[in-house]
Amino acid sequence: MEGNNWYIYRHLKPCGEVFYIGIGKTKNYARAYNKYHRSRWWKNVYKKYPNYEVQILTIGLSKEDVKELEIILIRYYGRKDLGTGTLVNLTDGGEGLLNVSEDIRKRHSERMKGENNPSYGIQNFGSNNPNYGNRWNETQRK
């Protein structure tokens with residue numbers, strides 16, 4: 001049973017409409033009830049429906065099984081950003097950034113251009129590069 005401590009959950013509006021599918025690993029289901037590190041779309045739904053319902057759907061799954069089930073459930077309910085359903089999930093589930101919508105990609109690209117890019121104005125060529133002159137050992141090369 002080692003490693004089979006993953007669970008899958010869903011968030012529902014008071015009318016019963018499912019608006020989010022997620023996975024977590026802790027015993028107290030902290031991720032399911034956590035309101036932090038959520039997308040803007042999720043936060044907008046939360047502002048409108050602060051009394052949303054959390055349902056733990058399954059517990060005791062392996063990481064692979066819970067990722068597979070998350071993908072199936074997201075496909076079943078459909079994603080709002082793709083126009084296929086009610087979920088505010090921004091990916092197809094599983095590993096995370098799979099099948100991010102084109103709109104999300106464009107917004108992220110625009111947000112990271114120019115002075116907003118952490119590498120903006122930094123010249124990391126030649127001796128300015130922090131790894132200049134370093135050599136990888138055999139283990140690092142593999």
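All of these numbers come straight from a predicted model, not from anything done at the bench. In this chain, numbering begins with 1 at the start of the sequence shown.
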- CD/Glu64 to CG/Asn4 distance, rounded to the nearest 0.5 angstrom? 9.0 Å
- Message: Side-chain heavy atoms nearer than 4.5 Å, only ILVMFWY residues, links allowed to pass through others: does that put Tyr33 and Leu57 together?
- Response: no
- Query: Roughly how far, to the nearest 0.5 Å, is the NE2 atom of His37 from the NZ atom of Lys43?
  - Reply: 8.5 Å
- Message: Hydrophobic clusters here meaning ILVMFWY residues chained together by side-chain heavy-atom distances under 4.5 Å, can you tell me if Ile74 and Ile23 are in one?
- Response: yes
- Only counting residues at least two apart or in another chain, list the ones meeting side chain to side chain contact (heavy atoms under 4.5 Å, CB included) with Arg40. Asn44, Arg107
- Query: Do Trp6 and Ile21 sit in the same hydrophobic cluster, where Ile, Leu, Val, Met, Phe, Trp and Tyr count as joined when their side-chain heavy atoms come under 4.5 Å apart?
  - Reply: yes
- CG (Leu61) and CD (Glu68) are apart, to the nearest 0.5 Å, by 10.5 Å
- Message: Minimum heavy-atom separation for Leu87 and Leu73, please, with both atom names.
- Response: CD1-O, 4.3 Å
- Query: Taking the inter-plane angle between the rings of His11 and Tyr9 on a 0 to 90° scale, is it parallel (under 30°), tilted (30 to 60°) or perpendicular (over 60°)?
  - Reply: tilted
- Rounded to the nearest 0.5 Å, the CG atom of Asn5 sits from the NZ atom of Lys63 at a distance of 11.0 Å
- Query: What are the two closest non-hydrogen atoms of Arg38 and Arg31, and how far apart are they?
  - Reply: NH2-O, 2.6 Å
- Would you say Val54 and Tyr46 are hydrophobically clustered, going by side-chain heavy atoms of ILVMFWY under 4.5 Å? yes
- Task: Look at the rings of Phe19 and Trp42 and say which category their plane angle falls in: under 30° parallel, 30 to 60° tilted, over 60° perpendicular.
- Result: tilted
- Item | Partner set under side chain to side chain contact (heavy atoms under 4.5 Å, CB included) for Glu53, not counting sequence neighbours | Leu12, Gln55
- Message: Minimum heavy-atom separation for Lys25 and Tyr7, please, with both atom names.
- Response: N-CE2, 3.4 Å
- For the hydrophobic clusters of this structure (ILVMFWY residues joined by side-chain heavy atoms under 4.5 Å, transitively), does one cluster hold both Trp41 and Val45? yes
- For Pro14 against Asn51, the heavy-atom pair lying closest together: CG-OD1, 3.5 Å
- Do Asp92 and Arg79 pass the side chain to side chain contact (heavy atoms under 4.5 Å, CB included) test, and can you show the C-alpha distance, the side-chain angles, and the key distance before you say yes or no? CA-CA 8 Å; Asp92 287 342; Arg79 287 173 38 194; 2.7 Å; yes
- What is the minimum heavy-atom distance between Ile56 and Ala32, and which atoms define it? CD1-CB, 3.8 Å
- Query: Which pair of heavy atoms, one from Leu69 and one from Thr58, lies closest together, and at what distance?
  - Reply: CD2-OG1, 4.0 Å
- Arg10 NZ/CZ over Tyr77 ring centroid, <6.0 Å and within 45° of normal: no
